[in-house]
Amino acid sequence: MCGIVGYIGYRDTNPILIEGLKRLEYRGYDSAGVCILVDGETVIVKDKGKVSHLESLLDAKNVHSTIGIGHTRWATHGEPNFVNAHPHSNEEGDIVLIHNGIIENFNTLKKSLITQGYTFKSDTDTEVLAHLIDVFMKKGNKLFRAVRLALSEVEGTYGLAVISSREPNILIAARKGSPLVIGVGDKENFIASDVSALITHTKQVVYLDDGEVAEITAEGFRVKTVQDEEISKEVTEVFLTLEELDRGGYDTFMLKEIMEQPESVLNSLRGRLLLDEGTSKLGGLENVLDKLVTAKRFILTACGTSWHSGLVAEYMFEQYLRIPTEVEYASEFRYRNPIIEPGDAIFFISQSGETADTLAAMHEAKRKGALCIGICNGVGSSIARDSDSGVYIHAGPEIGVASTKAFTSQLTVFALITLLLARKKDMSLADGKIIVEEFKLLPGKIKKILELRSRIEEIAEVFKDTPNFLYLGRGYNFPVALEGALKLKEISYIHAEGYPAAEMKHGPIALVDKNMPVVFIAPKDSTYDKINSNIQEIKARKGIVIAIATEDDDRIDTIADYSIKIPGTIRMLTPILSVIPLQLLAYFIAKKKGLNVDQPRNLAKSVTVE
Ligand code: M6R
């Protein structure tokens, strides 16, 4: 979604802003812009389109500065065009800002500003902020205070960066519900909405919390709350390398991330398996372990792919822990006044840790006194920091918009949690040891599936022009069917639906004819015979069957049109393997259609608006 970078120091700001914005491109955007201060004047360069286009506009202008802010916009209010692109300014053009988030009361603020004589150029909610700050500066306030006074009138969310030619040596940053981090350098400082935009310059960072505003100079920074309270902030170190952020020789981030799964799953497991005790060790849950073991109910809430991992976890928790578990979309949970009772523990699952709906659902649950557990990939992310306890999935940075390795790492972590709690409850040492052994085999099994790449690519060639797909699975593999369908639709724009296989008879089977490919996730488990009957039902209607089956399953070859064989494992871990061919199938279909798989249309990597 929208991205923010900012710089103040002694170097030419242009390459720093452009590089930072390029690092944020993966989040998805439709326009980009910068503002720098040149000879006491603000210079804004912006347009619809890519950062590379912005870069050439900036080069052509040949202006330079040592202070500037840059933005990538993903439209929420007003279409993507030059006028609506950020930065925005007050009428005189001497207060300039960029903003992520949504100003919910912008209509009320806009009407009031219009009655005070202000005129508006854009359709954005952001522009009101520039005028509002202007109001307070004209009343004699310095920029830092004027921003805080303006923000005290604002309802909604913001990650904000402001500069002004009236005070050319400071950069103001503010955060509420939209991440913002300060990068601390030597005689220079940075801001960004995501550490990936600044780690080439510094690894020392300060995460702003909601309601905080920072005044940043080349020499240092200070932070106050919107209500004027001075805050002392801790500088922390980020452990992320540039190689981790680059494509590592692959065509796309998505393929790199799919291929990385043997290592990313291994990283999720690293140091967490205790073979002798037949259990796992999760430091982040130690302080709440008793509460989890005795919990009366688990609620899992998330969006998109993370929600699918919650659905798989529901099967794990209910099979091994016998704790009633509910899975809910975060966007629904937050608004329906959920019933939260003593003994409930709520898991908030998010790759980015910044998804607005999931974060807001967590704040709502906290208000109601629930125990909140974050399952995140983004280290230091808002969900990770605001939860009571949690587990990092350690999948490494996921850049491709389509979530792949984060999903398998989320499942790995949920299986680790299941083992840990089951061993505290009634699972025997012997059973625990069997599961630990199965965990250890996972990376090797994933490698074997990835070796089937070219076979899956051949299947993709056959189906690249197909307009519709069905994905069917049962039990643990029903959520995998949903995930396979989501992967295909989001990057290939092919309409795809996932269903529990038996549910097909209650409607979707009407769609089946000789042109309809149906992907069955049919490993050899307790539902195998049932799913075989479902395959027969599709074949009887001349549908085309692509089966994801277990290696030693020869029977499936006699009924399916195409089969992809995966190694066997215990039921709980099967989705970690069965989803991988579906990720590859979606990937190759989208590539063969010539689409941008890393940044599919209309999508953002991190959805920080509701
Ligand atoms: O960062 P999160 O896990 O909270 O993101 C949730 C969804 O936005 C995300 O999974 C989305 O559905 C992906 N594009 C799926 O590939």
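Order of appearance sets the numbers: ligands from 1, and atoms from 1 within every ligand. Computed from heavy atoms alone, side chains included, the values below leave out hydrogens, waters and symmetry copies.
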What residues form a ring pair (Phe, Tyr, Trp, His ring centres under 6.0 Å) with Tyr207, not counting sequence neighbours? none

Sorted by chain and number, sequence neighbours left out, ring pair (Phe, Tyr, Trp, His ring centres under 6.0 Å) with Tyr493 holds for none

To which protein heavy atom is atom 7 (C) of ligand 1 closest, and what is the distance rounded to 0.1 Å? Cys303 O, 3.7 Å

Distance from atom 5 (O) of ligand 1 to nearest protein heavy atom, with residue and atom: Thr355 OG1, 3.4 Å

Any nitrogen or oxygen of Ser403, side chain or backbone, less than 3.5 Å from one on ligand 1? yes

Assign the ring pair Phe317 / Phe347 to parallel, tilted or perpendicular, where the plane angle (0 to 90°) is split at 30° and 60°. tilted

Do any N or O atoms from the side chain of Ser409 and from the backbone of Ala406 form a donor-acceptor pair under 3.5 angstrom? no

Should you measure from each heavy atom of [X], which atoms of ligand 1 turn up under 4.0 Å away?
X      : value
Thr305 : 10 (O), 12 (O), 15 (C), 16 (O)
Ser350 : 1 (O), 2 (P), 3 (O), 4 (O)
Lys487 : 15 (C), 16 (O)
Ala402 : 16 (O)
Val401 : 13 (C), 14 (N), 16 (O)
Gln351 : 1 (O), 2 (P), 3 (O), 4 (O)

Should one rank Gly304, Ser306, Ser352, Gly353 by closest heavy-atom distance to atom 1 (O) of ligand 1, which comes out on top? Ser352

The answer for which part of Glu490 has a heavy atom under 4.0 Å from ligand 1 is side chain

Is it the side chain, the backbone, both or neither of Lys605 that has a heavy atom closer than 4.0 Å to ligand 1? neither

Consider only side-chain N and O atoms of [X] and [Y], and report whether a donor and an acceptor are under 3.5 Å apart.
X      : Y      : answer
Thr404 : Gln261 : no
Thr305 : Glu483 : yes
Glu19  : Thr200 : yes

CG on Leu160 to CD1 on Ile98, rounded to 0.5 Å: 8.0 Å

